[in-house]
Structures are given as C-alpha cells and as structure tokens.
Amino acid sequence: CLCRTAHLLARLFIPVFISINPICSISVLPVYQVCSHQSIILSTPSEIQMLSTLNASQVCVCVFSLHSDVDSGDGNIKYILSGEGAGTIFVIDDKTGNIHATKTLDREEQAQYTLTAQAVARDTNKPLEPPSEFIVKVQDINDNPPEFLHGPYSARVPEMSNVGTSVVQVTATDADDPTYGNSARLVYSILQGQPYFSVEPQTGIIRTALPNMDREARQEYDVVIQAKDMGGHMGGLSGTTEVKITLTDVNDNPPKFPQSVYSMSVLEDNVPGEEVGRLKAKDPDLGDNGLVNYRLIDGDGLGMFELTTDSETREAVIKLKKPVDFETKRSYTLKVEGSNPHVDPQFLAWGPYKDEATIKISVEDADEPPVFVAPSYTFEVEENAPEGTLVGRVHAKDTDVANNPVRYMIPRYTDVEQFFSINSEDGMITTTRPLDRETQAWHNISVSATEIGGHHQDTKVRVNIKVKDVNDNSPEFATNNEVLMCETVVPGRVIETVSAVDKDEMAHRQHFTFSLAPEVVHNNNFSLKDNRDSTASIYVLRKGFSRLTQDVYYLPIEINDNGFPPLSSTNTLTIRVCSCDSKNTILSCNVEPYVLPAGLSTGALIAILACIVILLAIVVLFVALRRQKKEPLIVFEEEDIRENIITYDDEGGGEEDTEAFDIATLQNPDGANGFLPRKDIKPELQYPLRTEYLQTQHGFNLKTVDDSLFSFFTAEKT
C-alpha cells in the first residue's frame, strides 16, 4: 500500500460490530487513523474500541484490520475488499487484512460506505469463509462554518418605535450534523449596530434597543449579525451578514413657519386675481405626514385678499381678491394658519400640529387714470331744441396725490354724426343741431377723461341721452287698406272700424278722436261714430249700391291727437263696392258686369293642352314635307354620274306629237329649269357614264348639277 504522510487530526475510539454472517458497522472519523494491535476477527463477533494517534513521520494510515480464524500466518490466505470506495478510498493489504484510507473522508459529501470483505486461498482463490459486509459510518467533526443564505438583509421599522419592536429575523444554516455534538448548534450575536438594535441569540430576531429613534436625525443603520456554532463556545466556527435598517416616517413633527411676520406689498392698480406673495410652513415629515393646509383666520384684509395653495410647491399663495386704493387704505394685516391634515393619534400629545404667522401687506401708490364721480350718466333733452342746448355735465378727478387737471372729449366713434359737443375743461355737453325723437329716441355716447401730466392716462364713462318727445307729428290711419263692401249691404251695418297711430309719444289718458271732414258731414252714404277708445266705426246709411253706378267711394275722416299742442290730420278712407253671394261672401270687385269663371276644370285644361300639341305636330309635319320637296332628285356628290342616266324606251311622235315633250325646252337647253319629266312611262336605268368623261368632255361641275341635267342631255342627244 502506498500511503502519503498525514497529520493526526484527532483521537478516536472505533467501535466495530462483527458477526459470522456478518454485516459490520464501523464508525470512523473523516481523518486518517492508525491501525491498532487488535484485529477484527471475521468469524467471531466482537466490538473493539481503539485509541490511536498519528504523527507526521507516519506514512501508512490504517483505518482498521481484518483477520480470519483460518489464517495461520503462513501467507496462504488472501484478503479481498469490495464495495463503495474499495480500491479508491479504501485499500486492503491482502496478506495482513489491514484496510487503509487513501484520502480524507467528508461526511457532508457521503455519510457512510458499504464494504464487503472475504478471505480466499491465495493459490486457488477459493473462498475460505463467507463474505462479510461492513458499513463504515463517517462521524461528523465541526468543519463547516454557519452561512446566511438569504443575506444581506434589508428591513424597515417606523421611527419612534418602542424598545423591543421586532425589525427582522435573520437565519443561518450549518452543514454539520445537528444530531452529533454541538457542531450545528448556532448562537446569534450583534457585532455592529449597538446600542440601537439587539438580536435574540437563539432566534436571530433583531429588535430596537433605544426609544425615540428619530428619522429626521438619522434614517439608515448598518447592522452586522454573527452566527457561531458549538453553542457559541470558543473554537466554534462563525459567519456574519449585514442588515440595512431604514427608519420609516411618522407624523411626529408639527409644521412651522420660518418667520412669525411676513411683509408683502401690492400696487393699487393690480387687478383681482394677481399674486401678492407666498409663504410656506416647513414640516420635516414625508408624504402625507408632511402635508400642510393653509387658511386665513383673521385680519382686516380678509375681504380684500384670498389664499390658495400651489399644488406643486405646496406654498400658500396670497392673491388680490378686490381692487385696493392707496388713497383710501394703505395697509392690511392677515393671519394665516398652517396645519397637518393627517395626524397620528399615537402622537397627539406631541401637538398641536399647526402654526400661525402674520402677514402685513402695504398698498403702493400707482399713477391711476381719472375717476368719474358716477359710473354712468343719463340726461334728457327736448327734441327740436336749438343748437347749443345744454344736455348735462360729467365730472372726473385725478385720485392720485398729484391731483392733475382733467380734460374731456367725446370719442367720435360713439357719436358718428356728431350730435353733441363737450367742453374739454368743465365737461359740459351741448347739442350741435336739433334732435328728432322719431328718428332716434336715445343717443348712447362715451366721454373720455384724460389727466394732464403724468402718464396721460384716461378713462371712459357711458352717457345715455334721452330725447324728450314734443307733439310735432299728426296722427294717421293705422292701415291704409281699402274697405270692401257688398252691393247688398243693409243700412246701419258697420263696414269698418278704423284706428290711428301717432309717431309721437302718447301721454297718459291721451286718445285719438275721429270725425267726418266738413265737406262730407251731410253725405247720404256713410256715417262715423267715435268709440272714444281711439277707434271709430263706419256705418252704411242706405241700400242699393251698385258697381255699375259707382264702384268706389272716398270718405275723408279727420283725426285729432288731443296732444299739446293738439294736432290733427285728414285721412281718406277708400270704400269699394263688390259683388257678393247670398252669404255676403265677396265674389268680385271688378267693374265688368259679367265675369269669367274663376277657374277651369282639370278636364278642360287637358283638352286645351291636347289641342295645342296636335297643332304643333301638324305644323312640324308640314314643314318637314316642304323641306323634302325642295331636295334635289339627283345627288352627284360622291356618286358616279353613270348611275343617274335614265332612258325611255319609246320613239318620239315627230312634230305632231306635242304631248310627250316640250319642243321649246328641247331646242333651248338653257331653259330646262322648268322641265317636267313624263309621268306616263316609267324610266329605265341605262349604263352609267364615267364621271371623268362628264368633267373633261363637257366641262360639268358635278357639285352644281341639279334637275336640269335631264333636259340638257335630252337636248344634246336630239
């Protein structure tokens, strides 16, 4: 056996269990052992405890020794070893039966080995005894330190927690055998993080060790925890882990304004809604715990200023609510409160969770435009008043300390026709021409006031001018419609009720009166009755009206408005006589005694339209026939002239035959225009002549040949 030099690491008793049908259980430490002077007898069960030591000079490490009863020591017996690790980890001396270990055993890799030993004859290899099985158990030693498999750790705990508040539990593991000795018995301790935290030795639970730990003072802590085996005794192995502990925020701090008094200023010409200033209460807490709400709680400026909160910066913003006036009040005071909306009941005793501050706002003078005494003006002036009539006066003043003089003017775009003028120094408004109420009853103009000096600022005011009515318009009929009256009207019947209008304003209880004009007061046809309600009724005095005799009557009526001064006018009422049926329904108001029916039936209209269509069709047909007769009988255009030669298969009768041909026409071809061909014999078509022949020999222009061609050829042939 080739063995390496090894160091004796420990001393050990080795119990060995042997039987005849043996299964031996041998416990060994995972270090090299020295073979004892005792032998393991394979045939006899025995238990051997052996204490051995090994120094550095020893080169052969023996675990245990086997011996057979049949072995007489003469070398004829051979020992054989098989099983787990045989030949690699465990080797046997076949002569002596000593079993050696070639390397260190590690229980964490393999806790036991099963081996089989047998004694055989050296020369024949025949078994001398049955094989014996051995179980070699590797006993544990403390060779593995504790480990924190889940480290490093992070933990959070609320600030101001009570002492002993659990933070987090850390856990270490040891690979050594927990059932053998104290190799895997762990104890926890804190190496770093005191005096703020502590750890339970057996459980590894980290707890707070100091009261009132403030996040605002220190937020994070680095804690180191150690786990040591062997129950924490000397010689044990250890491992460490880091734990980062963060204090979370609680609402343990009230808001606080950095200043008790704040000073701000605002110009008197600032408009409502403009920002005046900002302030903010500090709260070192985080999130909702550090949220601060603001409100105005007191001060003489509560009606002039308002407070809002900037959603991004969480600042209190003071804004102008109403315009301020330096000349009226030059300073204001406000008291603002900042408070936490979310208060932790656990820390109520640490309150109150609010703070107050005073704001002093000074109003600064600004160059302001003049101010009119009244926000608007309303004046009255009579219509038809002469030019230069006083309408009224406007007044403005400079409210600044300088109190500059003011000049007035009327912007032309508000008085385009320039009905009015204004004195630039005293604001007196006068008319430039007489005004007519009926044309324009109200004039709405503006007056501008500008300070002299400074920045020449101006302001405007509305001036409403009412034109008072004067009775300068006569009354007239409300409508000018004709009155239609039936011929059969009976005497005493009201044929019309007339009313009047007046462009002037009607005074209270003022009404129109009606009467007939003096020239018709005694007429025998019509009469008038004043109804005393600004209307009058027209009555018929007789019967027997006829359109043939007189179809229109004119009745002059005098209307009085009873105004001041009273005005009257004469208006003529037109009465037309009409034809009516038995129910007094008007049929016609024309002069003719006989009238056509008011309309035609549908059938009559259709008959008339059919006649018109037939007449049009006849005219179109007639025109078409006339055009057809005027067309030439022979068309030479683009055709061969030979196709148009006609022959008659008969002989002439000589000079005595005067019915067949016109001799004068035959003798005079130039007069062939009036030639009429014979109709008693049907012509036959002869062979056609060539077009070129007609053009070259006879000089014909085929474009102009007409019906006279027949007469010409007939004459030439004759």
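All values below were derived from every heavy atom in this structure, side-chain atoms included, with hydrogens, water molecules and symmetry-related copies excluded.
Here the side chain of Gln118 pairs a donor or acceptor atom with the backbone of Glu129 at under 3.5 angstrom. Under the 3.5 Å distance criterion, the side-chain polar atoms of Asn293 are left unmatched by any main-chain donor or acceptor of Ser339. Side-chain atoms of Asp458 never come within 3.5 Å of backbone atoms of Glu451 as a donor-acceptor pair (strictly under, hydrogens ignored). For Glu147 (side chain) and Leu149 (main-chain N/O), no donor-acceptor pair under 3.5 Å exists by modelled atom type. When atom types are taken as modelled, the side chain of Gln226 and the backbone of Ser189 share no donor-acceptor pair closer than 3.5 angstrom. In this structure a side-chain-to-backbone donor-acceptor pair under 3.5 Å is missing from Ser260 to Thr358. Asp249 places a side-chain N or O within donor-acceptor distance of the main-chain N or O of Leu286, the cut-off being under 3.5 Å. With hydrogens and angles ignored, the 3.5 Å screen pairs no side-chain donor or acceptor of Thr309 with any backbone N or O of Ala316. Using modelled atom types, one side-chain atom of Glu159 and one backbone atom of Val250 make a donor-acceptor pair closer than 3.5 Å. Panel note: side chain Arg122, backbone Thr124; no donor-acceptor pair is recorded below 3.5 Å.
Rounding to the nearest 0.5 Å gives a distance of 8.0 Å between CD of Gln169 and CD of Glu200. The CG atom of Leu66 lies 5.0 Å from the CD1 atom of Ile92; values are rounded to the nearest 0.5 Å. In this structure, CD on Glu327 lies 5.0 Å from CG on Asp365, to the nearest 0.5 angstrom. In this structure, the separation between CD on Glu275 and CD1 on Ile318 is 9.5 Å, given to the nearest 0.5 Å. The distance from atom CG of Asn251 to atom CG of Asp344, rounded to the nearest 0.5 Å, is 7.0 Å. Note that CG of Asp222 and NZ of Lys244 are 4.0 Å apart. Values are rounded to the nearest 0.5 Å.
In this structure, Arg295 and Ile297 have side chains that are in contact, with non-hydrogen atoms separated by less than 4.5 Å. With contacts defined as side-chain heavy-atom distances shorter than 4.5 Å, the pair Tyr188/Thr171 qualifies. The side-chain heavy atoms of Pro272 and Lys322, taken from C-beta on, include no pair separated by under 4.5 Å. Put simply, the side chain of Ile206 does not reach to within 4.5 Å of the side chain of Tyr153, judged on heavy atoms. Counting heavy atoms from C-beta on, the side chains of Ser446 and Arg462 come closer than 4.5 Å. Counting only heavy atoms from C-beta outward, the side chains of Asn340 and Val292 approach each other to under 4.5 Å. Residues Val324 and Lys329 fail the side-chain proximity criterion, which asks for heavy atoms closer than 4.5 Å. Between Asp229 and Ser183, every side-chain heavy-atom pair lies at or beyond the 4.5 Å cut-off.
Closest of all the heavy-atom pairs between Pro323 and Met304 is O-CE, 3.1 Å. The minimum heavy-atom distance linking Val363 with Phe326 is given by the pair O-CD1, 3.2 Å. In terms of heavy-atom proximity, Gly232 sits nearest to Val187 at N-CG2, 3.9 Å. The two residues Thr459 and Pro370 make their nearest non-hydrogen contact at CG2-O, 2.7 Å. Taking each heavy atom of Lys95 and Tyr79 in turn, the nearest pair found is O-CE1, 3.5 Å. Of all heavy-atom pairs spanning Gly236 and Met230, the tightest one is CA-CG, 3.5 Å.
By the neighbour-count criterion of 12 heavy atoms within 6.0 Å, atom NZ of Lys256 is sparsely surrounded, having that number or fewer from other residues, nucleotides or ligands. Under a cut-off of 6.0 angstrom, the local environment of CD in Gln112 is crowded, with over 12 non-hydrogen atoms contributed by other residues, nucleotides or ligands. With a 6.0 Å radius and a threshold of 12 heavy atoms from other residues, nucleotides or ligands, Arg278 has its CZ atom above the threshold. Enclosure of atom NE2 in His342 by more than 12 non-hydrogen atoms of other residues, nucleotides or ligands within 6.0 angstrom is indicated.
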Discussion item. Test side chain to side chain contact (heavy atoms under 4.5 Å, CB included) on Thr116 and Leu81; report intermediate values, then the result.
Written reply: CA-CA 6 Å; Thr116 301; Leu81 184 66; over 6 Å; no

Worksheet entry | Candidate pair Asp174 and Asn144, rule side chain to side chain donor-acceptor pair (under 3.5 Å), full reasoning | CA-CA 7 Å; Asp174 195 318; Asn144 291 281; 5.3 Å; no

Worksheet entry | Chi angles and distances behind the side chain to side chain contact (heavy atoms under 4.5 Å, CB included) call for Leu279, Met264 | CA-CA 10 Å; Leu279 69 160; Met264 301 178 184; 4.2 Å; yes

Worksheet item: Would Gln110 and Glu84 satisfy side chain to side chain contact (heavy atoms under 4.5 Å, CB included), going step by step from the backbone distance to the final call?
Response: CA-CA 11 Å; Gln110 187 167 347; Glu84 294 178 332; 3.4 Å; yes

Worksheet item: Yes or no on side chain to side chain contact (heavy atoms under 4.5 Å, CB included) for Val157 and Leu247, after CA distance, side-chain angles and deciding distance?
Response: CA-CA 5 Å; Val157 63; Leu247 298 183; 3.5 Å; yes

Worksheet item: side chain to side chain donor-acceptor pair (under 3.5 Å) between Ser65 and Asn98: does it pass, once the steps are laid out?
Response: CA-CA 4 Å; Ser65 179; Asn98 292 334; 2.6 Å; yes

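Taking the six-membered ring where the residue is Trp, Tyr221 and Tyr196 present tilted rings, their angle falling between 30° and 60°. Using a 30° and 60° split on the angle between ring planes, Tyr262 and Phe257 fall in the perpendicular class, above 60°. Using cut-offs of 30° and 60° on the angle between ring planes, the pair Phe305 and Tyr332 is perpendicular.
We find that Asp310 and Lys280 are not joined by a salt bridge, their nearest charged nitrogen and carboxylate oxygen being 4.0 Å or further apart.
Residue Leu334 is tested with Leu302, Leu307, Asp298, Val276 for a side chain to side chain contact (heavy atoms under 4.5 Å, CB included); the sole match is Leu302.
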